[in-house]
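These notes concern the structure reproduced below.
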Amino acid sequence: MNITEIKTVEHDVIVLGAGGAGLRAAIECSMQGLSTGLVCKSLLGKAHTVMAEGGVAASLGNADARDHWKVHFRDTMRGGKFLNNWRMAELHAKQAPERVRELEEWGAVFDRTKTGLINQRNFGGHRYPRLAHVGDRTGLEIIRTLQDRGIHQGIEVYMECTGLDLLKDKDRISGMVAMWRETGEFIIFRCKAVILATGGGGKAWKITSNSWEYTGDGYGMAYEAGAELMDMEFTQFHPTGMVWPPSVRGTLVTEGVRGEGGILVNADEERFMFNNISNRFAAETADTEEEAARWLAGDKDARRPPELLTRDVVARAIRKEVQAGRGSPHGGAFLDIATRRNAEDIKRKLPSMYHQFKVLAELDITKDPMEVGPTLHYFMGGIRVDADSQMTRVPGLFACGECAAGVHGANRLGGNSLSDLLVCGKLAGSGAVNYIQAVSTVPELNDEQAKNIIRSATNILNRDTGGNPYLIHEKLQELMQNNVGIVRSDELLGEGIQGLVDLWEEYANVKADGTSQFNPGWHEALSLRNLLVTSEAVARAARMREESRGAHTRLDFEGEQAAWLQYNIVLKKTEDGSMSTEKVLRDEPDAELMRIANLSIEALEAEVLREKDSTG
Amino acid sequence: MALRNFKLFRGNQNEGTMEHYSVEVDKGMVVLDAIHHIQAEQAGDMALRWNCKAGKCGSCSVEINGKPKLSCMTRMNEYGPEETISVRPLQSFPVMKDLVSDVSWNYEQNKNITPFKPDPLKKGNYIMMQEDIDRVQEFRKCLECYLCQNVCHVLRDQRQKDKFIGPRFMIRLASLEMHPLDTADRIPDVKDTHGSGMCNITRCCTDVCPEHIQITDNGIIPLKERVVDRYYDPLLRLFYKLFRRKSPN
Ligand SMILES: Cc1cc2nc3c(=O)[nH]c(=O)nc-3n(C[C@H](O)[C@H](O)[C@H](O)COP(=O)(O)OP(=O)(O)OC[C@H]3O[C@@H](n4cnc5c(N)ncnc54)[C@H](O)[C@@H]3O)c2cc1C
Ligand code: SF4
Ligand code: SF4
Ligand code: FES
């Protein structure tokens with residue numbers, strides 16, 4: 001192979017991923033004068049962000065003037081079971097309103113309040129109506145706005161181009177090798193910094209709301225380049241995925257349905273969430289149907305219905321009903337909005353849900369209840385980064401959005417992802433700008449590294465025989481679903497890890513048929529390494545954490561253990577190529593942040609009120 | 001479960017054939033599911049696009065039995081049990097491979113549109129009433145599936161991509177022109193560079209839009225009216241008024 005025949009392109013920075021996080025990071029870099037390349041696997045505008053439905057969380061205080069970053073921060077920490085990175089959760093809550101307003105300045109058109117401000121809706125775990133939204137297509141609005149802003153700013157977009165692996169000059173980042181999906185040709189990017197914004201890895205599971213893109217590429221690439229992964233055991237199972245028909249099992253039903261008043265009932269027509277209110281949230285949750293109804297009608301003194309408890313709680317509750325034989329016909333629970341709101345309201349507030357069920361399940365949600373069950377949805381964990389700069393421990397390598405860890409701790413609140421993308425995307429952009437300003441020389445490319453990356457990619461096509469990549473992927477999904485699912489145990493996880501060892505072996509001999517041109521079989525095979533790194537990291541971290549916290553539930557270790565709150569689990573690649581799993585002591589939290597997070601809601605509301613009064 | 005017959009285009013811009021496949025189809029499946037099964041079991045290297053599988057991203061556009069559609073939202077039971085289902089890539093754009101066409105031309109068009117320019121005086125305190133943005137929000141529902149671009153005969157049969165920006169971008173222009181905060185003037189461009197005059201209101205675009213956006217009546221015709229208003233032609237204006245459909249609900 002002659003490396004000089006492969007096209008090399010230079011930029012100051014390469015952003016890998018064009019969802020909300022990647023686009024926001026690229027906009028920041030290019031606004032600050034960097035030559036910016038934006039690389040994505042799909043067409044521009046088709047990233048996961050486009051599918052986000054419910055809204056973006058920010059304490060604008062438009063729908064309830066009591067809102068304030070401190071309350072958003074408190075909600076986020078409590079939702080994350082206090083395992084969030086304190087500083088990140090602080091930055092996120094403080095900066096989200098500014099980032100949302102900025103979108104409006106860039107042309108986004110959010111739904112309005114009666115007085116013409118950005119409207120906000122209720123979501124699980126958020127004290128007030130806090131999610132700025134556009135019906136149930138908020139992600140589309142955000143990605144289009146950023147996309148339109150980005151293309152007019154001189155960002156160079158490389159779409160349908162898959163990043164394979166990173167290049168380094170000694171310790172620091174020097175570039176990336178990628179592959180054009182259409183032609184199968186390789187391309188080398190030479191740059192001073194790379195920002196990973198590749199999203200999560202839900203495709204390792206069978207039942208998931210995620211698309212083909214979510215194969216954990218960022219995790220795999222960062223890991224190979226020497227960066228650390230953190231909190232990987234915290235994989236969020238969203239409580240409400242479709243369960244019927246089988247071909248759409250896992251497709252998301254937005255939490256907005258519950259935000260708009262939807263209730264969960266079992267086969268005995270019992271509203272079972274009332275039996276699942278934990279102590280931590282008892283003081284803030286309605287305990288009668290009557291109170292829940294008052295809340296829906298807008299009574300500010302009424303507490304929120306238990307359907308809006310955090311996702312981990314609701315997902316486990318549904319699972320419990322199904323296991324006890326009180327499930328719906330296809331193994332879920334009933335989600336009913338039809339008896340709560342009139343047909344007109346439902347169609348206006350939840351148009352794409354209406355459409356989705358009508359077409360895919362032949363069900364009219366204005367008349368009948370939906371059947372829903374847990375679906376793998378989101379990675380709280382990911383690449384370990386510094387809170388302020390979003391840089392990994394590899395100089396020049398940054399990560400933001402779903403592929404980075406920290407903001408959400410053990411469980412993410414709905415709507416906090418879109419805000420995270422905007423806040424951390426911008427931070428990563430400025431992080432890269434600052435880093436690049438400080439480096440004096442352009443890092444050197446190492447031909448040998450690039451050759452190795454290309455060779456292992458082409459080997460998959462050139463092998464005479466070998467395993468079918470689709471089947472290996474299917475086996476992996478089966479394994480993760482059964483062994484690293486919504487409830488875990490040492491035994492299940494041990495078996496799972498052993499199963500992964502076997503799959504690694506099969507992967508070593510994977511074979512794709514056909515040529516290099518737009519060949520999904522080959523693309524599938526290329527993503528397997530990243531899926532396996534991701535899966536192994538989740539399984540190992542899950543086995544080490546001997547407690548149940550947030551999205552991580554252990555049958556053999558019930559409940560939160562105070563001792564475990566002091567640790568994050570960090571994974572990295574060791575010299576001999578194996579994965580190390582380590583308990584790492586967390587930093588001491590800032591005293592003021594700790595105080596805010598631990599205040600009672602009444603005390604915090606009073607404090608915020610005083611603050612607002614004194615600033616007028 | 002039932003065995004169903006498919007004909008799928010295999011090839012590229014220069015050559016290709018409709019290949020026959022049979023596949024077991026489960027209750028509730030959509031066309032995309034069936035193609036995925038064919039891909040996993042019989043044709044590992046067959047190219048196709050998809051992302052959300054729920055009609056939200058506009059990636060999976062193809063022509064099914066000659067009709068441009070999202071394959072993820074087209075149920076198998078729309079077709080008779082004996083019917084062979086033919087799937088081709090979008091025909092108005094160059095074929096890359098199999099069911100994937102090269103839609104990059106569309107991305108180029110967007111770059112030529114004057115971007116949003118908000119009123120600086122209103123900064124920080126944007127008030128917009130819901131009723132004033134309903135129309136803009138209708139246009140912003142666009143998934144960029146390009147089904148409308150694919151059927152518009154100006155782009156498809158007449159191959160006049162150099163003269164007309166196409167329905168998707170006409171509503172993009174309309175969404176900017178009708179945005180309550182926007183201050184830029186795109187009307188001269190709408191007429192000249194973007195070629196609003198090329199559209200002769202056949203409404204084929206509106207008929208295929210999966211988001212049911214009233215592309216022609218709510219977007220293109222009002223833009224044409226603005227052009228006519230600007231360039232003083234009262235007769236033509238009257239013509240558009242008469243031609244406009246009663247707005248459907
Ligand atoms: C159905 C659904 C509904 C949701 N609703 C909400 C909601 O209402 N509110 C909320 O806050 N969150 C919601 N979420 C979560 C949220 O949408 C995602 O977490 C978020 O969009 C992730 O954004 P991102 O920018 O990190 O990555 P993404 O938007 O997923 O983008 C990832 C990008 O990386 C690219 N990429 C990945 N690997 C490679 C590679 N190897 N080479 C090149 N490119 C690569 C992809 O092409 C893509 O452009 C929802 C998620 C789903 C699936
Ligand atoms: S109405 Fe105009 S834009 Fe739409 S298909 Fe007909 S000619 Fe094309
Ligand atoms: S206007 Fe409708 S048909 Fe055209 S690209 Fe947008 S969603 Fe598709
Ligand atoms: S796959 Fe997204 S619209 Fe069909």
Side-chain angles (χ1 to χ4, degrees), chain A residues 42-48 50-51 53 101 104-107 109 111-112 114-118 134-135 137 139-141 144 148-149 151-152 157 159 182 211-213 244-248 251-252 352 355-356 359-362 468-471 474 512-515 517-522 524, chain B residues 12 26-30 32-33 36 39-41 43-59 72-75 77 96-98 100 102-104 107 110-111 113 115-116 118 123-124 126-130 132-133 136-137 140-144 172 175-176 179 181-182:
Chain A
S42 284
L43 293 171
L44 187 60
K46 312 296 182 196
H48 251 83
V50 79
M51 300 163 214
E53 295 159 355
R101 285 195 205 100
E104 198 169 39
E105 212 175 302
W106 295 348
V109 186
D111 288 353
R112 317 309 291 183
K114 288 200 173 63
T115 55
L117 298 170
I118 296 175
V134 186
R137 55 162 192 88
L140 172 67
E141 187 66 23
R144 263 324 159 259
D148 288 327
R149 176 85 190 177
I151 57 163
H152 285 108
V157 182
M159 55 186 190
E182 180 189 359
S211 86
W212 68 270
E213 292 202 291
W244 183 258
S247 58
V248 293
T251 299
L252 196 76
S352 79
H355 188 57
Q356 179 175 317
V359 175
L360 296 175
E362 291 182 324
N468 174 340
Y470 295 102
L471 295 184
E474 251 173 57
D513 293 324
T515 68
Q517 281 161 27
F518 217 124
N519 182 345
W522 186 36
E524 176 94 335
Chain B
N12 55 35
D26 228 343
K27 193 171 158 18
M29 272 195 186
V30 294
L32 179 64
D33 295 321
H36 269 151
Q39 189 189 44
E41 291 151 20
D45 63 342
M46 183 172 58
L48 81 147
R49 282 200 187 102
W50 67 282
N51 283 74
C52 69
K53 244 172 101 14
K56 296 196 172 72
C57 73
S59 303
C72 76
M73 296 299 270
T74 307
R75 287 177 67 98
N77 63 10
M96 271 186 178
K97 188 178 164 234
D98 305 337
V100 173
D102 178 0
V103 292
S104 56
Y107 286 89
N110 201 14
K111 288 189 192 156
I113 292 178
F116 177 64
K123 191 177 152 81
Y126 294 131
I127 305 278
M128 293 189 272
M129 290 311 185
Q130 187 63 44
D132 297 330
I133 57 165
V136 177
Q137 287 189 325
R140 292 183 68 90
K141 285 194 307 197
C142 171
L143 309 174
E144 300 205 324
R172 164 107 187 99
S175 77
L176 288 163
H179 194 306
L181 300 175
D182 182 70

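In what follows, every chain begins at residue 1, and chains take the letters A, B, ... in the order their sequences are listed.
- Contacts between A:Asp111 and chain B at a heavy-atom distance below 4.5 Å involve backbone atoms as well as side-chain atoms.
- For A:Ala361, the part lying near chain B is the backbone, with the side chain staying farther off; criterion is any non-hydrogen pair under 4.5 Å.
- B:Tyr107 pairs in a side chain to side chain contact (heavy atoms under 4.5 Å, CB included) with only one of the listed residues (A:Val157, A:Leu43, A:Ile151), which is A:Leu43.
- Only the side chain of B:Arg75 comes within contact range of chain A, with heavy atoms under 4.5 Å apart.
- Note that CD of A:Glu213 is 9.5 Å distant from CH2 of B:Trp50, once rounded to the nearest 0.5 Å.
- Heavy-atom pairs under 4.5 Å with chain B peak, among A:Glu182, A:Glu105, A:Gln356, at A:Glu105.
- Proximity to chain A (any heavy atom under 4.5 Å) is shown, for B:Glu41, by neither the backbone nor the side chain.
- Annotation for B:Cys142 and A:Arg144: closest pair O-NH2, 3.5 Å, computed over non-hydrogen atoms.
- Note on A:Pro246, A:Gly107, A:Gly521: by heavy-atom pairs under 4.5 Å with chain B, the leading option is A:Gly107.
- If you measure heavy-atom distances from B:Lys97 to chain A, the contacts under 4.5 Å come from the side chain alone.
- Chain A forms more heavy-atom pairs under 4.5 Å with one residue of B:Lys141, B:Gln130, B:Met73, B:Arg140 than with any other, namely B:Arg140.
- Of the atoms belonging to B:Leu32, not a single heavy atom falls under 4.5 Å from chain A.
- Taken from CG in A:Leu140 to NZ in B:Lys56, the straight-line distance is 10.5 Å, to the nearest 0.5 Å.
- Heavy atoms of B:Asp33 lying under 4.5 Å from chain A belong exclusively to its side chain.
- Of all the heavy atoms in A:Gly514 and B:Asp45, the pair that sits closest is CA-OD2, 3.7 Å.
- Residue with the most contacts toward chain A among B:Met29, B:Glu144, B:Met46: B:Glu144 (heavy-atom pairs, distance under 4.5 Å).
- Contact check for A:Leu360 versus B:Val30: side-chain heavy atoms found under the 4.5 Å cut-off.
- The closest side-chain heavy-atom distance from A:Met51 to B:Asn51 is below 4.5 Å.
- Expressed to the nearest 0.5 Å, how far CE of B:Met129 lies from CG of A:Leu117 amounts to 8.5 Å.
- Heavy atoms only, all atoms of each residue included: A:Pro520 and B:Ala47 are closest at CG-CA, 3.8 Å.
- When each of A:Glu362, A:Lys114, A:Arg101 is scored by its heavy-atom pairs under 4.5 Å with chain B, the top score falls to A:Glu362.
- With a threshold of 4.5 angstrom between heavy atoms, B:Ile113 approaches chain A through N, CA, C or O but not through any side-chain atom.
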Checklist entry - Would A:Glu141 and B:Gln137 satisfy side chain to side chain contact (heavy atoms under 4.5 Å, CB included), going step by step from the backbone distance to the final call? => result CA-CA 9 Å; A:Glu141 187 66 23; B:Gln137 287 189 325; over 6 Å; no
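- Formation of a donor-acceptor pair under 3.5 Å by the B:Lys53 side chain with backbone atoms of A:Ser247 is found in this model.
- Across B:Gln39, B:His179, B:Lys27, the residue that shares the most heavy-atom pairs under 4.5 angstrom with chain A is B:Gln39.
- Looking at A:Leu44, the atoms closer than 4.5 Å to chain B (heavy atoms on both sides) sit in the backbone and in the side chain alike.
- With chain A as partner, the option from B:Gly58, B:Gly55, B:Ala40, B:Ser175 having the largest number of non-hydrogen pairs under 4.5 angstrom is B:Ala40.
- Atom OH of A:Tyr470 sits about 8.0 Å away from atom NE2 of B:His36, to the nearest 0.5 Å.
- Between the CD atom in A:Glu104 and the CG atom in B:Leu181 there is a gap of 6.5 Å [rounded to 0.5 Å].
- Of the listed residues (B:Val103, B:Asp98, B:Leu143, B:Asp26), the one with the most heavy-atom contacts under 4.5 Å to chain A is B:Leu143.
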Checklist entry - Going through the checks in order, is the side chain to side chain contact (heavy atoms under 4.5 Å, CB included) test met by B:Phe116 and A:Asp148? => result CA-CA 9 Å; B:Phe116 177 64; A:Asp148 288 327; over 6 Å; no
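- Proximity to chain B (any heavy atom under 4.5 Å) is shown, for A:Trp522, by neither the backbone nor the side chain.
- For the set A:Arg149, A:Glu524, A:Met159, the entry with the most heavy-atom pairs within less than 4.5 Å of chain B is A:Met159.
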